[in-house]
Every structure is written in C-alpha cells, then in structure tokens.
Amino acid sequence: MTENAAMSDIQAPATGLIAFLGLGHMGGPMAANLIKAGHDVIGYDPVPAAVEAALAHGIPMASTAHEAAAEAAVVLTMLPSGKHVLDAYRGADGPGLLSIAKPNTLFLDCSTINVDEAREAAALAVEAGHRSVDAPVSGGVVGAEAGTLTFMVGALPEDFETVRPVLELMGKRIVHCGDHGAGQAAKVCNNMILGVSMIAVAEAFVLGEKLGLTHQALFDVASNASGQCWALTTNCPVPGPVPTSPANRDYQPGFAGALMAKDLRLAVNALESTGVAAEMGPLASRIYDAFAAGGGAGRDFSGIITEIRDKSV
C-alpha cells in the first residue's frame, strides 16, 4: 500500500466485523483508519478519555469487551502488557474472550509483549478453536495516525494472508516474520537496536558540543557516513537538523521513554531466556529505566540526551 493514499477510495476487504480492544494513543488512530477505509469496527476501552476520542473519530463503542468480541470475525487487541492479553483471552474474573467468541475467530494481537507470552496466547487461542496472529507495530503515534506503521507478523501462512488486507489499511510495510511469536521476536530485536543506537547518538552529540562542533556540522557528517541510523536521521535528539523530530517540540512523544523502557525490559527477558551473551541491551535497559523513573516516562525517548548532558562535567 502506498503512503496512506486516499484511504476513502480503498475498499475494505471482506473480513467481517473487527472488535478493536484498546483505543489509546496507538489503537485509537489505527481503528480510525479502519473506519475511514469502510471497515465494520466496534471498539472497547475502559478509559473514558479513550472512549471519548474514539467516538469523536466515528468509532462505534461497546459497553464491554465481551460485547465487542461476541460477533466479531477478528478480535484485535492493543493492550499494555502480556498479562493484560492473557487475562483477556482466558478471563481473569470470569469467562475470557476465547470462550465467548464465535468458532474460528481470528485473534490478532498488536500489543508489544514477551515472545513467550505471545506463544502462550496463540496456543490458548488455537486450543479454543480459533486462529491467532501476533503483529506488533513500529512507527509510533505519527505512523498510527498516518497509516504508515510497520507490522511484524507471527502467524501461519494462511492466517497471514487472511489478515494482511486489514493490516495494509493501517500500515505501509507488512512483514511475515514466521510462526506464532515471530512478530514479537522481530519487534524486541528491532527496539533493542533502536534503544542502544539512540543512546550512542545522544552521547555523540553531547561529545560534539564539548569539542566545539555545531549540531548541524555533526549531523551533516554522521548522516552521510558510517554513523548513519534512524535514531540520527529521523528522530535526531537535538533540535534543528531534522525539523520533524521530537527534539523540536521539547521532546513531546513520539515514542515515550516509558515505552522504550518497557520494550528494553522485554529484550532483556528474551536475552536471559535464550542465554545470549549481550551487554549493550541490558545496559540500555538500565539507562532507560532510570530515565523513565526520573521524569522521562512521558517524554520522547530521544530526550535521553538531556540526562547525558546534565550528568556531564
């Protein structure tokens, strides 16, 4: 799909009703794009502000998650953690979504959770007579609003083909990474790279300041040399060189520091469970945990440069 081209002109695939559960900063715009494309969507979120925003974007709302999922062909979840996903599937204080959904419902989880939790969720869905796809996203709120997200998909080939037309209405790059859990595996690896590289870019800019380099001079060199990376050329942590980066908006996210801290903890869990001898990933996790706890939770993760600068002599 091209760069969010005329969504109103795109015909919605014949997938059936989509129950969209979790309409926060990411889920709300994603569901709105499905509505714009002519899809039949019903949403649910327990947070009143999310409900109000969803209604303003024309998303019909159910009073409970069960009500939303009962007649759906696809149950799409965008939830804060793996525990939330598993509790929703199994039911924490009563019947879960798996028990009330119609047979052969496709459960599509776009949350970012542990790989092991994604595989457990898939096993539970299949055991209950349903289909399962994990498809975490990359691209942040801007990508969710523009319909330009990247989806990393873990699914059986036939389920991937079923869900791909839906994902193409919310993103511009859809990658089938493998079987159940592979989408989460790709996401955790990608975000570990991102967290480590942002710290390196931020440290380099503070070093450049100390050495008398202007931000623009360092950017002009590094963005065209071996230091080139997304953290530099798209999400540059200093204002000026990339006018659209959060650094030009006092580090309003973007991708919040709390989310980067969460994703790096997921990466550390994966590193520990697989026995990988990694050092940079765990170090980045500790740095972003401290950043989030020290007031950076709601700031863009590129704001880590202010911590580095403040601690420098």
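None of the values given here were measured: they were computed from a predicted structure.
Crowding of Lys102 atom NZ: a count of heavy atoms from other residues, nucleotides or ligands under 6.0 Å exceeding 12. Within 6.0 Å of CD on Glu127 lie no more than 12 heavy atoms contributed by other residues, nucleotides or ligands.
For the pair His39 and Val166, the minimum side-chain heavy-atom distance is below 4.5 Å. Side-chain contact between Leu34 and Leu169 is present, with at least one heavy-atom pair separated by less than 4.5 Å. The shortest side-chain heavy-atom distance between Ile42 and Glu71 does not fall under the 4.5 Å cut-off. Side-chain contact check for Phe301 versus Leu194: some heavy-atom pair is nearer than 4.5 Å. Within the 4.5 Å cutoff, side-chain heavy atoms of Ser312 are placed close to those of Lys210. In this structure, Met198 and Tyr288 have side chains that are in contact, with non-hydrogen atoms separated by less than 4.5 Å. Under the 4.5 Å side-chain criterion, counting only non-hydrogen atoms from C-beta, Val268 is not in contact with Leu264. Two residues are said to be in side-chain contact when any heavy atoms from C-beta on lie closer than 4.5 Å; Leu21 and Leu76 fail this criterion.
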Check against side chain to side chain contact (heavy atoms under 4.5 Å, CB included), Met78 and Leu23 = CA-CA 7 Å; Met78 191 67 161; Leu23 296 166; over 6 Å; no

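Of all non-hydrogen atoms in Asp109 and Gln184, the two that sit nearest each other are OD2-NE2, 4.3 Å. The shortest non-hydrogen separation linking Ala231 to Pro237 is O-CD, 3.8 Å. Here the shortest heavy-atom pairing between Pro136 and Ser111 reads CB-O, 3.6 Å. Between Gly28 and Ile59, the closest heavy-atom pair is O-CD1, 3.8 Å. Summarising the geometry of Gly227 relative to Leu232, their closest heavy-atom pair is O-CD2, 3.9 Å, with the distance given to 0.1 Å. In plain terms, the two heavy atoms of Ala155 and Val133 that are nearest each other are CB-CG2, 3.7 Å.
Of the possible donor and acceptor atoms, one in the side chain of Asn248 sits under 3.5 Å from a partner among the backbone N and O of Pro243. Checked by atom type and distance alone, the side chain of Arg173 never pairs as donor or acceptor with a backbone atom of Thr148 at under 3.5 Å. Without hydrogens or angle criteria, Lys187 side chain to Val137 main chain gives a donor-acceptor distance under 3.5 Å.
Screening residues 278-287 for salt bridge (Lys or Arg N to Asp or Glu O under 4.0 Å), with sequence neighbours left out, gives no hits. For residues 258-270, the set of pairs meeting the side-chain hydrogen bond (donor to acceptor under 3.5 Å, both in side chains) definition, not counting sequence neighbours, comprises Asn114-Asn269, Asn191-Asp263, Arg265-Asp289. Residue pairs meeting the salt bridge (Lys or Arg N to Asp or Glu O under 4.0 Å) criterion with at least one member in residues 131-142, sequence neighbours excluded: Arg131-Asp159. For residues 42-65, the side-chain hydrogen bond (donor to acceptor under 3.5 Å, both in side chains) pairs, not counting sequence neighbours, are Ser63-Glu67. Identified under the salt bridge (Lys or Arg N to Asp or Glu O under 4.0 Å) test for residues 224-235, with sequence neighbours left out: none. For residues 219-229, the set of pairs meeting the side-chain hydrogen bond (donor to acceptor under 3.5 Å, both in side chains) definition, not counting sequence neighbours, comprises Gln216-Asp220, Gln228-Thr233. Counting only residues at least two apart or in different chains, side-chain hydrogen bond (donor to acceptor under 3.5 Å, both in side chains) contacts with residues 299-308 comprise Asn235-Asp300, Arg299-Thr306, Asp300-Ser302. Residue pairs meeting the ring-ring contact (aromatic ring centres under 6.0 Å, His included) criterion with at least one partner in residues 98-128, sequence neighbours excluded, are Tyr89-Phe107, Phe107-His130.
Under a hydrophobic clustering in which Ile, Leu, Val, Met, Phe, Trp and Tyr are joined whenever their side-chain heavy atoms come within less than 4.5 Å, directly or via other members, Val188 and Phe151 fall into different clusters. Note on Ile113 and Leu167: separate hydrophobic clusters, where clusters join Ile, Leu, Val, Met, Phe, Trp and Tyr whose side-chain heavy atoms are under 4.5 Å apart, directly or indirectly. Hydrophobic clustering, with ILVMFWY side chains joined whenever heavy atoms are under 4.5 angstrom apart, groups Val163 together with Met170. With hydrophobic clusters built from ILVMFWY side chains whose heavy atoms lie under 4.5 angstrom apart, Met61 shares a cluster with Ile18. Note on Ile308 and Leu218: same hydrophobic cluster, where clusters join Ile, Leu, Val, Met, Phe, Trp and Tyr whose side-chain heavy atoms are under 4.5 Å apart, directly or indirectly.
In terms of the ring-ring contact (aromatic ring centres under 6.0 Å, His included) criterion, residue partners of Phe205 (sequence neighbours excluded) are, by chain and number, His215. Every residue was checked against the side-chain hydrogen bond (donor to acceptor under 3.5 Å, both in side chains) condition with Ser285, not counting sequence neighbours, and none meets it. In terms of the ring-ring contact (aromatic ring centres under 6.0 Å, His included) criterion, His66 has no residue partners (sequence neighbours excluded). Annotation: side-chain hydrogen bond (donor to acceptor under 3.5 Å, both in side chains) contacts of Arg90 (sequence neighbours excluded): Glu120.
Rounded to the nearest 0.5 Å, atoms OH (Tyr251) and CD1 (Ile304) are 11.0 Å apart. Interatomic distance, CD1 of Ile305 versus SG of Cys236, reported as 7.5 Å (0.5 Å rounding).
With Phe20 as the partner, the side chain to side chain contact (heavy atoms under 4.5 Å, CB included) test is satisfied by one option alone out of Val74, Val75, Leu108, Val41: Val41.
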